[in-house]
Amino acid sequence: MPRRTILSRAFYEHPPDAVARALLGKLLVRRFERRILAGRIVETEAYFGLDDPAAHAFAGKTKRNAVLFGPPGFAYVYFIYGMHFCLNISCEPEGQAGCVLLRALEPVEGIAAMTQLRGLAQHGSSRLIASGPGRLCQALGITRETHNGIDVTSSRSGLHIEDDGWLPPEIAVTPRVGIRKAAERPLRFAMAGSRFVSR
DNA sequence: GGAGCGATGTCCT
DNA sequence: GGACATCGCTCCG
(Lines give C-alpha, C1' and ligand atoms only; values in the text may rest on other atoms or scores of the structure.)
Protein backbone atom coordinates (compact mmCIF):
# COMPACT_ATOMS: atom_id res chain seq x y z
CA MET A 1 0.00 0.00 0.00
CA PRO A 2 1.76 3.20 -1.11
CA ARG A 3 1.93 6.16 1.18
CA ARG A 4 -0.84 8.72 0.72
CA THR A 5 -0.19 12.41 1.22
CA ILE A 6 -2.66 15.31 1.25
CA LEU A 7 -1.94 17.86 -1.46
CA SER A 8 -0.61 21.06 0.10
CA ARG A 9 -1.51 24.65 -0.65
CA ALA A 10 1.62 25.01 -2.80
CA PHE A 11 0.22 22.38 -5.18
CA TYR A 12 -2.65 24.73 -6.07
CA GLU A 13 -0.62 27.95 -6.26
CA HIS A 14 -0.17 27.70 -10.05
CA PRO A 15 -2.08 28.53 -13.24
CA PRO A 16 -5.32 26.53 -13.52
CA ASP A 17 -4.37 24.60 -16.65
CA ALA A 18 -1.26 23.26 -14.91
CA VAL A 19 -3.24 22.37 -11.78
CA ALA A 20 -6.06 20.78 -13.79
CA ARG A 21 -3.57 18.52 -15.54
CA ALA A 22 -1.73 17.68 -12.31
CA LEU A 23 -4.97 16.73 -10.52
CA LEU A 24 -5.70 13.86 -12.91
CA GLY A 25 -5.07 10.59 -11.09
CA LYS A 26 -5.28 12.11 -7.60
CA LEU A 27 -7.84 10.87 -5.05
CA LEU A 28 -10.74 13.08 -3.95
CA VAL A 29 -11.58 11.98 -0.41
CA ARG A 30 -14.72 12.87 1.53
CA ARG A 31 -15.54 11.97 5.12
CA PHE A 32 -19.29 11.40 5.33
CA GLU A 33 -21.13 10.07 8.38
CA ARG A 34 -18.02 8.27 9.70
CA ARG A 35 -17.35 6.60 6.37
CA ILE A 36 -14.88 7.44 3.65
CA LEU A 37 -16.07 8.17 0.11
CA ALA A 38 -13.27 8.43 -2.42
CA GLY A 39 -12.66 8.42 -6.13
CA ARG A 40 -9.81 8.94 -8.55
CA ILE A 41 -10.04 12.18 -10.55
CA VAL A 42 -10.32 11.32 -14.25
CA GLU A 43 -11.60 14.60 -15.76
CA THR A 44 -11.00 18.29 -14.99
CA GLU A 45 -11.40 21.70 -16.59
CA ALA A 46 -9.37 24.87 -16.10
CA TYR A 47 -10.95 28.30 -15.67
CA PHE A 48 -8.90 31.48 -15.58
CA GLY A 49 -9.94 34.82 -14.12
CA LEU A 50 -10.45 38.22 -15.68
CA ASP A 51 -9.15 37.08 -19.08
CA ASP A 52 -11.50 34.08 -19.45
CA PRO A 53 -15.05 34.99 -20.62
CA ALA A 54 -16.32 31.52 -19.63
CA ALA A 55 -15.19 31.87 -16.01
CA HIS A 56 -17.40 32.97 -13.14
CA ALA A 57 -14.62 35.34 -12.11
CA PHE A 58 -14.62 37.11 -15.49
CA ALA A 59 -16.98 39.91 -14.44
CA GLY A 60 -15.03 40.59 -11.27
CA LYS A 61 -15.47 39.71 -7.63
CA THR A 62 -19.04 39.22 -6.39
CA LYS A 63 -20.57 37.71 -3.29
CA ARG A 64 -21.02 34.36 -5.08
CA ASN A 65 -17.52 33.97 -6.52
CA ALA A 66 -15.49 35.57 -3.70
CA VAL A 67 -13.73 32.28 -2.90
CA LEU A 68 -12.06 32.37 -6.31
CA PHE A 69 -10.23 35.58 -5.41
CA GLY A 70 -8.94 34.19 -2.12
CA PRO A 71 -5.97 31.91 -1.47
CA PRO A 72 -5.49 28.63 -3.39
CA GLY A 73 -6.72 25.26 -2.16
CA PHE A 74 -10.28 26.21 -1.21
CA ALA A 75 -13.53 24.71 -2.49
CA TYR A 76 -15.79 26.86 -4.67
CA VAL A 77 -19.20 25.18 -4.90
CA TYR A 78 -22.00 26.75 -6.90
CA PHE A 79 -25.57 25.87 -7.80
CA ILE A 80 -26.49 25.54 -11.47
CA TYR A 81 -29.61 24.89 -13.57
CA GLY A 82 -31.82 24.94 -10.51
CA MET A 83 -30.77 21.50 -9.30
CA HIS A 84 -27.07 20.69 -9.51
CA PHE A 85 -23.90 21.61 -7.67
CA CYS A 86 -20.42 21.86 -9.17
CA LEU A 87 -17.14 21.58 -7.23
CA ASN A 88 -14.08 23.68 -8.08
CA ILE A 89 -10.76 24.17 -6.31
CA SER A 90 -9.30 27.66 -6.27
CA CYS A 91 -5.77 28.03 -7.54
CA GLU A 92 -3.15 30.71 -8.25
CA PRO A 93 -1.92 33.10 -5.55
CA GLU A 94 -4.41 35.12 -3.52
CA GLY A 95 -5.91 37.92 -5.63
CA GLN A 96 -5.86 35.92 -8.86
CA ALA A 97 -9.06 34.04 -9.62
CA GLY A 98 -8.19 30.78 -11.37
CA CYS A 99 -9.87 27.49 -10.50
CA VAL A 100 -10.24 23.88 -11.57
CA LEU A 101 -13.64 22.24 -12.08
CA LEU A 102 -13.70 18.58 -11.04
CA ARG A 103 -15.84 16.82 -13.64
CA ALA A 104 -15.56 13.07 -13.07
CA LEU A 105 -14.26 10.38 -10.72
CA GLU A 106 -13.57 6.70 -10.92
CA PRO A 107 -15.19 5.45 -7.66
CA VAL A 108 -12.64 3.81 -5.36
CA GLU A 109 -13.99 3.62 -1.80
CA GLY A 110 -17.49 3.80 -0.31
CA ILE A 111 -19.14 2.76 -3.55
CA ALA A 112 -22.31 1.46 -1.89
CA ALA A 113 -22.82 4.78 -0.05
CA MET A 114 -22.14 6.82 -3.19
CA THR A 115 -24.59 4.68 -5.16
CA GLN A 116 -27.22 5.36 -2.50
CA LEU A 117 -26.55 9.11 -2.49
CA ARG A 118 -27.04 9.06 -6.27
CA GLY A 119 -30.27 7.12 -6.02
CA LEU A 120 -28.96 4.34 -8.28
CA ALA A 121 -29.57 0.59 -8.08
CA GLN A 122 -27.03 -1.08 -5.77
CA HIS A 123 -25.72 -3.65 -8.20
CA GLY A 124 -25.55 -1.62 -11.38
CA SER A 125 -22.49 -0.32 -13.16
CA SER A 126 -20.31 2.16 -11.27
CA ARG A 127 -19.74 4.12 -14.46
CA LEU A 128 -22.49 6.70 -13.84
CA ILE A 129 -21.82 7.31 -10.12
CA ALA A 130 -19.60 10.36 -10.61
CA SER A 131 -19.20 10.91 -14.36
CA GLY A 132 -20.12 14.58 -14.59
CA PRO A 133 -19.76 17.57 -12.23
CA GLY A 134 -23.34 17.38 -10.92
CA ARG A 135 -23.18 13.64 -10.42
CA LEU A 136 -19.82 13.94 -8.66
CA CYS A 137 -21.25 16.34 -6.09
CA GLN A 138 -24.35 14.22 -5.54
CA ALA A 139 -22.28 11.06 -5.10
CA LEU A 140 -20.14 12.70 -2.41
CA GLY A 141 -22.94 14.65 -0.72
CA ILE A 142 -21.37 18.00 -1.59
CA THR A 143 -23.54 21.14 -1.49
CA ARG A 144 -22.88 24.86 -1.47
CA GLU A 145 -24.16 25.14 2.09
CA THR A 146 -21.84 22.45 3.44
CA HIS A 147 -18.70 22.89 1.36
CA ASN A 148 -18.34 26.30 -0.30
CA GLY A 149 -15.24 28.00 1.07
CA ILE A 150 -13.74 25.04 2.93
CA ASP A 151 -9.99 24.40 2.92
CA VAL A 152 -9.24 21.21 0.97
CA THR A 153 -5.62 21.13 2.15
CA SER A 154 -6.71 20.28 5.70
CA SER A 155 -7.60 16.74 6.79
CA ARG A 156 -10.06 18.26 9.25
CA SER A 157 -12.24 19.69 6.50
CA GLY A 158 -13.77 16.34 5.63
CA LEU A 159 -12.91 16.97 1.98
CA HIS A 160 -9.37 16.85 0.64
CA ILE A 161 -7.27 15.51 -2.21
CA GLU A 162 -4.56 12.88 -1.83
CA ASP A 163 -1.62 11.74 -3.89
CA ASP A 164 -0.99 8.00 -3.71
CA GLY A 165 1.73 8.05 -6.35
CA TRP A 166 -0.47 6.84 -9.18
CA LEU A 167 -0.01 8.66 -12.50
CA PRO A 168 -2.30 8.58 -15.54
CA PRO A 169 -0.69 6.82 -18.50
CA GLU A 170 -2.12 9.23 -21.08
CA ILE A 171 -3.97 12.56 -20.92
CA ALA A 172 -6.42 13.84 -23.55
CA VAL A 173 -6.87 17.61 -23.96
CA THR A 174 -10.12 18.97 -25.49
CA PRO A 175 -12.32 22.08 -25.41
CA ARG A 176 -14.41 22.62 -22.29
CA VAL A 177 -17.92 21.17 -22.06
CA GLY A 178 -21.23 23.01 -21.77
CA ILE A 179 -20.03 26.58 -22.18
CA ARG A 180 -20.85 29.12 -24.89
CA LYS A 181 -18.14 31.73 -24.43
CA ALA A 182 -14.49 30.93 -25.21
CA ALA A 183 -15.68 27.42 -26.11
CA GLU A 184 -12.76 26.73 -28.40
CA ARG A 185 -9.95 26.89 -25.84
CA PRO A 186 -8.43 23.44 -25.08
CA LEU A 187 -8.75 23.51 -21.30
CA ARG A 188 -10.44 20.18 -20.53
CA PHE A 189 -8.19 17.36 -19.35
CA ALA A 190 -9.21 13.71 -19.17
CA MET A 191 -7.63 10.34 -18.65
CA ALA A 192 -7.54 8.87 -22.12
CA GLY A 193 -9.59 5.70 -22.40
CA SER A 194 -11.26 5.90 -18.97
CA ARG A 195 -14.86 4.62 -18.85
CA PHE A 196 -15.57 7.12 -16.07
CA VAL A 197 -15.08 10.30 -18.09
CA SER A 198 -18.36 12.17 -18.74
CA ARG A 199 -20.39 12.19 -21.97
C1' DG B 1 -26.55 5.66 -29.20
C1' DG B 2 -27.79 10.23 -30.15
C1' DA B 3 -30.73 14.48 -30.58
C1' DG B 4 -34.22 17.12 -28.25
C1' DC B 5 -36.11 19.00 -24.23
C1' DG B 6 -38.01 20.14 -19.64
C1' DA B 7 -37.02 20.85 -14.81
C1' DT B 8 -35.65 24.25 -11.62
C1' DG B 9 -32.97 28.21 -8.22
C1' DT B 10 -29.70 31.81 -8.12
C1' DC B 11 -27.15 35.49 -9.76
C1' DC B 12 -26.29 39.66 -12.26
C1' DT B 13 -27.97 43.22 -15.84
C1' DG C 1 -35.70 38.93 -17.46
C1' DG C 2 -32.27 36.00 -19.23
C1' DA C 3 -28.48 33.10 -18.85
C1' DC C 4 -26.68 29.25 -16.79
C1' DA C 5 -19.35 25.11 -16.20
C1' DT C 6 -26.32 19.72 -15.93
C1' DC C 7 -29.00 15.60 -15.85
C1' DG C 8 -32.21 12.11 -17.08
C1' DC C 9 -36.01 11.18 -19.69
C1' DT C 10 -38.28 10.56 -24.20
C1' DC C 11 -38.39 9.51 -29.00
C1' DC C 12 -36.23 7.96 -33.05
C1' DG C 13 -33.15 5.21 -35.76
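Letters go in sequence order (proteins before strands), and every chain restarts at 1. Heavy atoms only: backbone and side chains are in, while hydrogens, waters and symmetry mates are out.
Across the protein-nucleic acid pair, A/His84 atom NE2 and C/dC4 atom C1' stand 12 Å apart, rounded to whole Å. As a whole-Å value, the separation of A/Glu45 CD from C/dT6 P is 8 Å. Rounding to whole angstrom units, CG of residue A/Asn88 and P of C/dC4 are separated by 16 Å. Going from atom CG of A/Asn148 over to atom C1' of C/dA5 covers 15 Å, rounded to whole Å. In this structure, A/Arg180 atom CZ and C/dA3 atom C1' are separated by 8 Å, rounded to whole Å. C/dA5 atom P lies 17 Å from atom CZ of A/Phe48, rounded to whole Å.
Checked against ring pair (Phe, Tyr, Trp, His ring centres under 6.0 Å), A/Phe79 has the following partners two or more places apart in sequence or in another chain: A/Phe85. With sequence neighbours excluded, the residues forming a side chain to side chain donor-acceptor pair (under 3.5 Å) with A/Ser131 are A/Arg135, listed by chain and number. For A/Phe196, the side-chain contact (heavy atoms from CB on, under 4.5 Å) partners at least two apart in sequence or on another chain are A/Val42, A/Glu106, A/Pro107, A/Ser126, A/Ser194. Among residues two or more places apart in sequence or in another chain, the salt bridge (charged side-chain N to carboxylate O under 4.0 Å, His left out) test is passed with A/Asp17 by none.
One N or O on the side chain of A/Arg9 and one on the backbone of A/Pro72 form a donor-acceptor pair closer than 3.5 Å. Between the side chain of A/Thr146 and the main chain of A/Ile142, no donor-acceptor pair closer than 3.5 Å is present.
Taking a pair as Watson-Crick or G-U wobble with both distances under 3.5 Å, DNA chain B forms stems of 3 or more consecutive pairs at B:1-7 with C:6-12, B:9-12 with C:1-4.
Contacts classified as salt bridge (Lys or Arg N to Asp or Glu O under 4.0 Å) and involving residues 180-192 of chain A (residues at least two apart or in different chains) are given here: A/Glu43-A/Arg188. Sorted by first and then second residue, the ring-ring contact (aromatic ring centres under 6.0 Å, His included) pairs involving residues 5-35 of chain A (not counting sequence neighbours) form an empty list. Residue pairs meeting the side-chain hydrogen bond (donor to acceptor under 3.5 Å, both in side chains) criterion with at least one partner in residues 73-94 of chain A, sequence neighbours excluded, are A/His56-A/Tyr76.
With respect to A/Asp164 and A/Arg3, no salt bridge is recorded, no charged nitrogen being found less than 4.0 Å from a carboxylate O. Checked for salt-bridge contact, A/Glu162 and A/Arg4 meet the test: a charged N lies under 4.0 Å from a carboxylate O.
In the hydrophobic clustering, A/Ile36 connects to A/Leu27, A/Val29, A/Val108, either directly or through intervening members, whenever side-chain heavy atoms lie under 4.5 Å apart.
A cation-pi arrangement is absent between A/Arg103 and A/Phe189 under the rule of less than 6.0 angstrom and at most 45 degrees off the ring axis.
The stretch residues 182-191 of chain A does not touch DNA chain C, since none of its heavy atoms comes less than 4.0 Å from the strand.
The phosphate of C/dC7 (OP1 or OP2) has no side-chain N or O of A/Arg199 nearer than 4.0 angstrom.
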Inset, instruction - Could you encode protein contacts along nucleotides 8-13 of chain B as a string, one character per nucleotide from 5' to 3', using B for base contact, S for sugar-phosphate-only contact and - for no contact, with a heavy-atom cut-off of under 4.0 Å? - result: BBSSS-
Inset, instruction - Go along nucleotides 8-13 of chain C 5' to 3' and tag each nucleotide: B for a protein heavy atom under 4.0 Å from its base, S when only backbone or sugar atoms are that close, - otherwise. - result: S-----
